[in-house]
Amino acid sequence: MSNEVRVRFAPSPTGALHIGGVRTALYNYLFARKHGGKFLLRIEDTDQNRYVPGAEDYIKDSLDWIGINPDESPWNPGDCGPYRQSERKSMYREYAEYLLEKGHAYYAFDTSEELEAMRQRLTAARVVSPQYNSITRTQMKNSLTLPADEVKSRLESGEPYVIRIKIPRKEEVRLNDMVRGWVMVHSNSLDDKVLMKSDGMPTYHLANIVDDHLMGITHVIRGEEWLPSAPLHVLLYRYLGWEDSMPEFAHLPLLLKPDGNGKLSKRDAEKHGFPIFPLSWKDPNSGEWVAGFKEAGYLPDAFLNFLAFLGWNPGDQRELFSVEALVDAFSIDRIGKSGTKFDINKAKWYNEQYLRKKSDKELAAYLLEDLQKENLSVSAEKAEKIAAVMKERATFPSDLWSEGRFMLLAPEEFDGQVVAKKWNQEAITVLSAYSKNLQEAEAPLTAESAKALLESSAEAEGIKLGKVMQAVRLAVTGVGAGPDLMQIFEILGKEELIKRIEFALNKIDAA
RNA sequence: GGUCCGUUCGUCUAGGGGUUAGGACGCAUCCCUUUCACGGAUGAAACACGGGUUCGAUUCCCGUACGGACUACCA
């Protein structure tokens with residue numbers, strides 16, 4: 001397993017998984033598959049206060065929906081378990097102690113009030129960035145300033161404490177990011193981050209280094225919001241003696257708001273009326289509800305394809321990629337550096353492309369499902385015919401029903417604008433004749449026979465069919481636009497067609 | 001404020017010292033269509049700004065501006 005690529009997606013179960021998180025998971029997955037490696041899922045639940053019940057299942061279900069299942073996870077453990085940080089609690093202590101022993105960490109006893117007072121004091125003194133660092137730690141209560149015996153007695157008396165990393169005063173920390181190249185920061189801009197919290201849990205910083213090391217992670221692919229703390233992580237690897245096996249980093253560009261600027265957020269989804277979460281979700285604590293792509297009618301393949309192109313491209317002009325094709329084409333050096341604005345139109349376009357690739361039968365299944373909710377039933381054969389004529393004009397599977405309902409339900413109202421423009425005596429004459437001729441027509445009506453009869457009916461009255469076509473459509477469907485009329489006639493069948501024409505003749509005349 | 005990251009059509013992006021700066025979404029026009037849509041064609045639309053380097057910068061370097069992330073005992 002020495003050269004095997006191992007990557008992880010490490011979400012925090014604090015609510016619904018944001019679309020940006022799904023993209024991070026996807027890139028990790030693609031990278032792992034591309035290199036024949038493993039994709040792991042690790043739950044980062046070191047903050048017990050923020051734990052939200054159901055969030056883990058949400059993460060699992062989301063990945064499952066788009067078909068990127070981890071090779072190792074809490075539900076499918078490999079050899080590096082547990083895969084939930086809360087269950088690894090006992091493992092972190094020894095590394096914190098090692099750091100303590102090596103002088104790279106220290107105990108701190110400051111209360112939150114004292115910390116706050118320190119920040120205020122610094123702010124008042126016009127210190128630009130108040131932080132716990134090589135300068136301020138000398139004035140705080142920690143094992144660097146307190147006499148050894150006092151530290152010992154505080155520890156023994158059970159006084160709460162944290163363990164902080166001791167950031168060196170003057171040092172350059174550099175890392176070679178796979179998407180950004182060399183990034184360098186001075187240690188004096190870093191602060192003495194807490195490594196172990198007073199509740200005995202590690203913070204993200206310690207936990208992710210320890211776990212990545214123990215789990216043999218070779219590449220860390222994560223959001224750009226982690227870039228500022230990456231130098232801290234480098235230092236941690238160094239102090240823990242793991243620098244030689246330190247994973248490579250790739251920090252992904254952020255997903256931004258569609259308008260203006262800033263990180264894409266829940267508010268944007270509400271404001272623009274489109275989802276930014278894979279699945280809909282109701283927060284059990286706040287009762288807050290968010291919409292999901294799945295429920296909005298996005299197909300998983302389309303969603304995945306759309307997501308893959310948010311910050312990455314294959315370098316040629318192809319746009320439609322199956323997962324397999326993505327795996328084949330994916331590479332980290334084709335990931336862009338700049339933030340990506342979220343454009344729902346593109347997502348819709350992808351959905352249309354994938355929808356049209358589906359067979360009539362698959363589409364009919366969606367239609368049948370919708371009809372069931374309406375307490376309507378129709379034969380599978382008819383559903384397929386409807387799907388066939390509707391698929392070119394649908395964005396979502398639900399459009400099959402919402403845009404094509406006139407194929408199942410006779411119109412009760414007629415579009416007033418079309419009535420005003422197209423309804424006239426000639427139309428009435430042709431329709432009346434057609435209705436009569438239809439009575440004698442042979443039963444299963446086909447698009448061809450329906451058309452031939454309509455043409456002869458019009459001709460017999462000396463009226464050009466083109467002049468009344470729109471009115472005929474109006475009479476039968478109630479509206480002025482839709483799929484090929486003769487196909488609709490075939491789907492409707494002779495009896496229904498006659499019924500509708502008669503109804504229209506009475507209803508519209510009366511109006 | 002500080003640190004770090006970024007900046008090619010409205011959006012996603014390709015490209016990269018010499019190009020008519022390419023594609024896609026969206027938009028517009030036309031064709032197809034006895035409607036609408038699909039499809040096809042065409043069009044409008046971009047290198048943030050200022051200095052260098054160079055015979056020549058959109059491309060390399062430095063600034064400026066603008067944007068963003070981070071700045072918790074959250075991840």
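Below, chains carry the letters A, B, ... as their sequence lines are ordered, and counting in each starts from 1. What's counted below: heavy atoms across the whole structure, side chains too, no hydrogens, waters or symmetry copies.
Counting only N and O atoms by type, the side chains of Thr395(A) and Glu352(A) include a donor and acceptor under 3.5 Å apart. Between the side chains of Tyr92(A) and Asp211(A), a donor-acceptor pair is found at a separation under 3.5 Å.
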Could I get a table of every N or O pair under 3.5 Å where one atom is in the protein and the other is in nucleotides 2-8 of chain B?
{"from": "C5(B)", "atom 1": "O2'", "to": "Arg180(A)", "atom 2": "NH1", "distance (Å)": "2.5"}

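The shortest distance between the side-chain N/O atoms of Thr203(A) and the OP1/OP2 oxygens of A75(B) is not below 4.0 Å. Using a 4.0 Å cut-off, some side-chain N or O of Lys263(A) falls inside it from OP1 or OP2 of C70(B). For Lys197(A), a side-chain nitrogen or oxygen approaches OP1 or OP2 of C74(B) to under 4.0 Å. Phosphate proximity of U13(B) to Thr340(A): present, with a side-chain N or O under 4.0 Å from OP1 or OP2. Note on Asn313(A): a side-chain N or O is less than 4.0 Å away from OP1 or OP2 of A14(B).
With a 6.0 Å cutoff to the six-membered ring centre and a 45° limit on the axis angle, Arg164(A) counts as a cation-pi contact of Tyr132(A). Under a cutoff of 6.0 Å and an axis angle of 45°, Arg334(A) and Phe330(A) do not form a cation-pi pair.
Under 3.5 Å, the side chain of Lys346(A) and the base of A24(B) form at least one donor-acceptor pair of N or O atoms.
Counting non-hydrogen atoms under 4.0 angstrom, Ser112(A) reaches nothing in the nucleic acid. Among the atoms of the strands shown, only primed sugar atoms or phosphate atoms (P, OP1, OP2) are found under 4.0 Å from some heavy atom of Gly311(A).
Between the C1' atom of A69(B) and the CH2 atom of Trp226(A) lies a distance of 12 Å, rounded to the nearest Å. The distance between atom CG of Asn49(A) and atom C1' of A72(B), rounded to the nearest whole Å, is 12 Å.
For Gln417(A), the CD atom is loosely surrounded, since the number of other residues' heavy atoms within 6.0 Å does not exceed 12.
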